[in-house]
Amino acid sequence: MSWIYLFAAGLFEIGWPVGLKMAQSPGQRLPGITLAVVFIMVSGTLLWLAQRQIPMGTAYAVWTGIGAAGTFALGIIVYGDPASLLRFLGVALIVGGVAVLKLAS
């Protein structure tokens, strides 16, 4: 169950940078900040639950890895962020590192 909490925490981790991005648009400051705060609270709570069974360093690395890779992908798909080969390589290295940590647990 802890790995499910951790995976969900990583997905919610994607939501707060989206909220902060929304907050940069005129008229969206309060909804964006509210979204960011709600997502980070849910994400943090799920991370806390996951850390009851998963080592802290592993949990944190997996959490941020899911968040980073997901935010990267969403940035490209929704916000038109650059999609260069080196940026994809960087995310692949993050995902690979997370996979190694999972296998080592």
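Atom set for the values below is all heavy atoms of this structure, side chains included, hydrogens, waters and symmetry mates excluded.
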Main-chain N/O of A9 paired to S43 side chain as donor or acceptor, under 3.5 Å: yes

Rounded to the nearest 0.5 Å, what separates atom [atom1] in [X] from atom [atom2] in [Y]?
| X | Y | atom1 | atom2 | answer |
| --- | --- | --- | --- | --- |
| I76 | T71 | CD1 | OG1 | 11.5 Å |
| I4 | L49 | CD1 | CG | 12.5 Å |
| L35 | L30 | CG | CG | 11.0 Å |
| Q51 | T58 | CD | OG1 | 10.0 Å |
| L89 | I94 | CG | CD1 | 10.0 Å |

Co-membership, hydrophobic cluster, residues [X] and [Y], 4.5 Å side-chain:
| X | Y | result |
| --- | --- | --- |
| W48 | I14 | yes |
| V91 | L74 | no |
| W3 | M1 | yes |
| V62 | L93 | no |
| I54 | V42 | yes |

Nearest heavy-atom neighbours spanning [X] and [Y]:
| X | Y | answer |
| --- | --- | --- |
| A50 | S2 | CB-O, 3.4 Å |
| Y79 | V18 | OH-CG1, 3.7 Å |
| M22 | Q28 | O-CB, 3.1 Å |

Residue pairs, two or more places apart or on separate chains, that pass ring-ring contact (aromatic ring centres under 6.0 Å, His included) and touch residues 5-33: F12-F39

Atom CZ of R29: over 12 foreign heavy atoms under 6.0 Å: no

Side chain proximity check, E13 to I66, heavy atoms < 4.5 angstrom: no

